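Bear in mind the structure is a predicted one, so any value in this text is a computation, not a measurement.
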Amino acid sequence: MHDLMWDRRMLGAFIEQACLTEEEIVVLTDMAYGKSIANTAMMHHMSERTVSRIRQRLRAKYDGIQGYAGLPPRK
């Protein structure tokens, strides 16, 4: 989610509130640090398609909890 500037508070709140899987946490962490889909796929032995799907799922989960978790809206 390049439309957000991540910090530790936001990352921790999202992980805590969204009930993320281990794969989602790995992809989210790489995404927060600005790593590409290709880099995440290669480093964690996933396909690029899988990483893309997980990123889409993360965006949907973020939008679902953003209102009550005190997180800023995506742009």
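- Residue Leu11 holds its CG atom at 10.0 Å from CG of Leu71, rounded to the nearest 0.5 Å.
- Follow the hydrophobic side-chain contacts under 4.5 Å out from Tyr33 and you never reach Met5; the two are in separate clusters.
- Taking all atoms of both residues into account, the shortest heavy-atom contact from Ala69 to Gln17 is CB-CG, 4.1 Å.
- In this structure, the separation between CZ on Arg57 and CG on Leu28 is 12.0 Å, given to the nearest 0.5 Å.
- Between Thr50 and Arg53 the shortest side-chain heavy-atom distance falls below 4.5 Å.
- Closest non-hydrogen pair, Met46 versus Val51, comes out as SD-CG2, 3.8 Å.
- When atom types are taken as modelled, the side chain of Glu24 and the backbone of Thr21 share a donor-acceptor pair closer than 3.5 angstrom.
- Side-chain contact check for Met43 versus Lys35: every heavy-atom pair is 4.5 Å or farther apart.
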Side chain to side chain contact (heavy atoms under 4.5 Å, CB included) assessment of Lys61 paired with Phe14: CA-CA 9 Å; Lys61 285 185 177 186; Phe14 182 50; 4.3 Å; yes
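- Of all heavy-atom pairs between Ile37 and Glu48, the closest is CG2-O, 3.6 Å.
- The shortest side-chain heavy-atom distance between Leu20 and Leu58 falls under the 4.5 Å cut-off.
- Between the side chain of Thr40 and the backbone N or O of Ser36, at least one donor-acceptor pair lies under 3.5 Å.
- Contact check for Arg55 versus Met31: side-chain heavy atoms found under the 4.5 Å cut-off.
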